[in-house]
Amino acid sequence: MTDNSYAKVGQRVKKSKLNPTGWEYTNHIPPDDIAVITFPGSDANNSRKANGFAKAIQNLLKNKKTPIYSVEYGFNGRNAVADRDALLNLYNQGTPEEIYRYARSEDPTYIPKYIYDIYSSILAPRLRNEDGSKASIEKIAQRLNKLVFVNHCQGSTVAFQLERLLKADLKKLGYSNAVQSFLLKQVHNIHLAPVTPYGETQTTTYKFLSLTDEKVTSVNHERFEYIRKRKQEHLKFLSNIKENNPSQIKDKPFVMEFSVIRPTQNETIFAVNNFYPLEHHELYKDTQTDIEHCCDTFYDKEDEYRTKQGDKLSQTFIELFNHLVEHAHKNKDKYTELESIFKTKHFSTIIQSAEQNRHNLYKREIAIMRQNLEK
């Protein structure tokens with residue numbers, strides 16, 4: 001596949017005659033600056049859309065002095081979905097349908113050119129001194145901790161590809177595997193509706209998702225496969241009871257309330273069964289809009305249609321985002337490692353509740369399965 005792709009980085013700035021939209025292109029983010037970096041979905045193919053995502057995330061910031069950047073993609077005929085599926089297939093988490101549909105002649109390990117554009121603007125300078133020599137481990141760790149990445153859909157794929165480039169660059173600079181792992185962990189990613197491999201990242205990554213989002217659950221991972229099968233079995237079970245004895249059924253489908261799953265120590269998933277009630281989905285069934293996947297689903301503070309669990313997921317995302325930004329500012333003068341949110345008082349309480357919800361779901365579903373077998 002021909003690759004003439006590119007990417008442009010832009011910053012949110014004050015509106016002026018020169019920048020009436022509050023957006024300014026830049027090819028350099030100072031390596032010692034604190035910043036929020038946003039990678040939007042694949043439709044951000046112009047400055048207006050890239051700026052729109054950055055503005056939405058900026059509106060969530062408590063510390064309004066934090067600079068915020070976003071990326072405009074120039075795919076130039078390159079199929080972003082094909083690149084995304086190729087990455088899943090590289091880690092054996094794609095489906096046969098995707099492999100067939102987006103068969104590519106090039107090496108599946110290939111990283112598109114637009115990813116290199118982003119890497120050279122944002123991450124490469126943080127590994128080096130002004131003279132081009134490699135920086136100290138502590139300096140790199142401090143610089144990486146000054147960044148907070150917030151990514152939606154394709155943006156999560158971009159972040160994962162950047163991780164691959166970062167790892168290769170650290171190796172090229174001569175850092176050991178142990179140091180590489182340490183420094184990769186200093187990169188803090190938040191993924192909204194991600195479509196990336198699970199259990200593979202070495203960065204500190206938090207994923208927020210709906211299990212009714214078909215793009216998210218298209219990732220072929222055992223966790224999702226279990227949930228998909230249980231949802232299908234449960235709905236079939238309810239359907240059979242309805243047909244044979246309607247009076248015995250309370251019409252409640254399989255529901256995973258706000259829960260947390262951890263494929264690895266680096267990766268934390270916050271998930272809900274659905275952001276919106278099924279009747280709300282009916283309003284969009286004849287449109288191209290996937291309301292469970294839309295980015296504004298995650299951060300609209302006044303969304304009166306969201307489920308209580310959806311509100312909880314959104315609230316946790318916003319709180320975690322600001323927590324990471326606050327931590328970035330703690331690295332202004334010296335390196336400060338991020339404490340695990342499983343140990344912080346505020347988030348440990350949220351996580352304990354989310355873990356209990358997951359355990360309750362499994363217990364409830366197992367009880368239903370046993371009842372079904374006994375009949």
Checking side-chain polar atoms at under 3.5 Å, does [X] have a donor or acceptor matched by the opposite partner on [Y]?
| X | Y | value |
| --- | --- | --- |
| N331 | Q142 | no |
| K207 | T196 | yes |
| S133 | N129 | yes |
| S42 | Q154 | no |
| Y335 | Q186 | yes |
| Q202 | K167 | yes |
| H327 | E339 | no |
| E267 | Y206 | no |
| T201 | E163 | yes |

I need the minimum non-hydrogen distance between [X] and [Y], along with the two atoms involved.
| X | Y | answer |
| --- | --- | --- |
| P40 | Y73 | O-OH, 2.8 Å |
| N273 | S210 | O-OG, 3.5 Å |
| N51 | T21 | ND2-O, 3.0 Å |
| A141 | L183 | N-CD2, 3.8 Å |
| N76 | N4 | ND2-O, 2.9 Å |
| A193 | D213 | CB-OD2, 3.6 Å |

| field | Output field: ring centroids Y305/Y276 closer than 6.0 Å | value |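 Distance test on ring centres: not under 6.0 Å, no.
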| query | Are H191 and H152 an aromatic pair by the rule of ring centers under 6.0 Å? | reply | no
Tell me, do [X] and [Y] make a side-chain contact under 4.5 Å, heavy atoms counted?
| X | Y | result |
| --- | --- | --- |
| L123 | L144 | yes |
| S348 | I341 | no |
| E200 | Q93 | yes |
| W23 | R48 | no |
| L61 | V325 | yes |
| R78 | D3 | yes |
| V260 | T268 | yes |
| L87 | P197 | yes |

Mark yes when over 12 heavy atoms from residues, nucleotides or ligands other than [X] sit less than 6.0 Å from its [atom1]; otherwise mark no.
| X | atom1 | value |
| --- | --- | --- |
| N27 | CG | no |
| K172 | NZ | no |
| K146 | NZ | yes |
| E214 | CD | no |
| K134 | NZ | yes |

| field | Audit row: Y69, F39, ring-ring contact (aromatic ring centres under 6.0 Å, His included) steps and yes/no | value | CA-CA 9 Å; Y69 298 81; F39 296 139; over 10 Å; no
| request: Taking side chain to side chain donor-acceptor pair (under 3.5 Å) as the test, write out the residues that go with H188, two or more places apart. | output: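 H188 satisfies side chain to side chain donor-acceptor pair (under 3.5 Å) with no residue once adjacent residues are dropped.
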| field | Test log, rule side-chain hydrogen bond (donor to acceptor under 3.5 Å, both in side chains), inputs Q352 and Q356 | value | CA-CA 6 Å; Q352 185 177 10; Q356 189 59 52; over 6 Å; no
| F317 and L60: side-chain contact (heavy atoms from CB on, under 4.5 Å), yes or no, with the steps? | CA-CA 10 Å; F317 152 56; L60 306 177; 3.7 Å; yes
Answer yes if [X] and [Y] sit in the same cluster of Ile, Leu, Val, Met, Phe, Trp and Tyr residues linked by side chain heavy atoms under 4.5 Å apart, and no otherwise.
| X | Y | value |
| --- | --- | --- |
| Y6 | Y110 | no |
| I29 | Y114 | yes |
| V9 | I111 | yes |

Spell out, as yes or no, whether a donor-acceptor pair under 3.5 Å connects the side chain of [X] to the backbone of [Y].
| X | Y | value |
| --- | --- | --- |
| T204 | K185 | yes |
| N46 | K49 | yes |
| D290 | E292 | yes |
| S70 | A50 | yes |
| N322 | I318 | yes |
| R128 | A124 | yes |
| N19 | K15 | no |
| N189 | T205 | no |
| S353 | T349 | no |
| R84 | S156 | no |

| Is any NZ, NE, NH1 or NH2 atom of the basic residue among D169 and R126 found under 4.0 Å from an Asp or Glu carboxylate oxygen of the other? | no
| said: Walk me through whether L147 and I122 qualify under side-chain contact (heavy atoms from CB on, under 4.5 Å). | reply: CA-CA 10 Å; L147 299 177; I122 298 173; 4.2 Å; yes
| field | Steps toward side-chain contact (heavy atoms from CB on, under 4.5 Å) verdict (L184, L166) | value | CA-CA 8 Å; L184 286 165; L166 177 58; 3.7 Å; yes
| query | So among F208, F53, F275, which one has a ring pair (Phe, Tyr, Trp, His ring centres under 6.0 Å) with F298? | reply |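 Among F208, F53, F275, the one meeting ring pair (Phe, Tyr, Trp, His ring centres under 6.0 Å) with F298 is F275.
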| field | By salt bridge (charged side-chain N to carboxylate O under 4.0 Å, His left out) - contacts of R306 (at least two apart) | value |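 Salt bridge (charged side-chain N to carboxylate O under 4.0 Å, His left out) check on R306 returns D311.
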| query | Can you check side-chain contact (heavy atoms from CB on, under 4.5 Å) on H293 and C153, steps first, answer last? | reply | CA-CA 8 Å; H293 190 75; C153 187; 3.1 Å; yes
